[in-house]
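Below is one structure; the comments refer to it alone.
Predicted model, so just to flag it, every value in this text is computed and none were measured. Just so you know, ligand 1 is whichever comes first in the structure, and atom 1 is the first atom listed for that ligand.
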Amino acid sequence: MATYEYLCSRCGPFDVKLAMGTAPEVYGCPVCAGSARRVYSSPGLLPTSNVAAALHDQEEQAREAPAVVSEVPPRSGVRQQPHPALSRLPRP
Ligand SMILES: [Zn+2]
């Protein structure tokens, strides 16, 4: 369903929810039953934060041209300790 905006010359603007692509150019006004003309307006886009926009751009760029890794990244400074339960296992 999509919301379409119509303008009645007597009653003013009103919205109608219809299946996408089925909105007629003229629709019956729900108040006076007169004919209302379809009005085209900008979609309600939500502003995004700079961080979200940067992440979106980065994701789009990675989709088009992913970064190629040519070597194994260096290990981090923290060495992982073995799980403590491993010391309780029987030894041969
Ligand atoms: Zn009307």
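- Through direct or relayed side-chain contacts under 4.5 Å between Ile, Leu, Val, Met, Phe, Trp and Tyr, Leu18 connects to Tyr4, Tyr6, Phe14, Val16, Met20, Tyr27.
- The number of heavy-atom neighbours closer than 6.0 Å to CZ of Arg37, taken from other residues, nucleotides and ligands shown, is 12 or below.
- Of all heavy-atom pairs between Val26 and Ser35, the closest is CG1-CB, 3.4 Å.
- Distance check: Glu64 CD to Glu59 CD gives 9.5 Å after rounding to the nearest 0.5 Å.
- Residue pairs meeting the side chain to side chain donor-acceptor pair (under 3.5 Å) criterion with at least one partner in residues 82-92, sequence neighbours excluded, are absent.
- Less than 2.8 Å away from the Zn ion (ligand 1), the protein contributes these N/O/S atoms: Cys8 SG, Cys11 SG, Cys29 SG, Cys32 SG.
- Applying the side-chain contact (heavy atoms from CB on, under 4.5 Å) test to Glu71 and every residue at least two apart in sequence or in another chain returns nothing.
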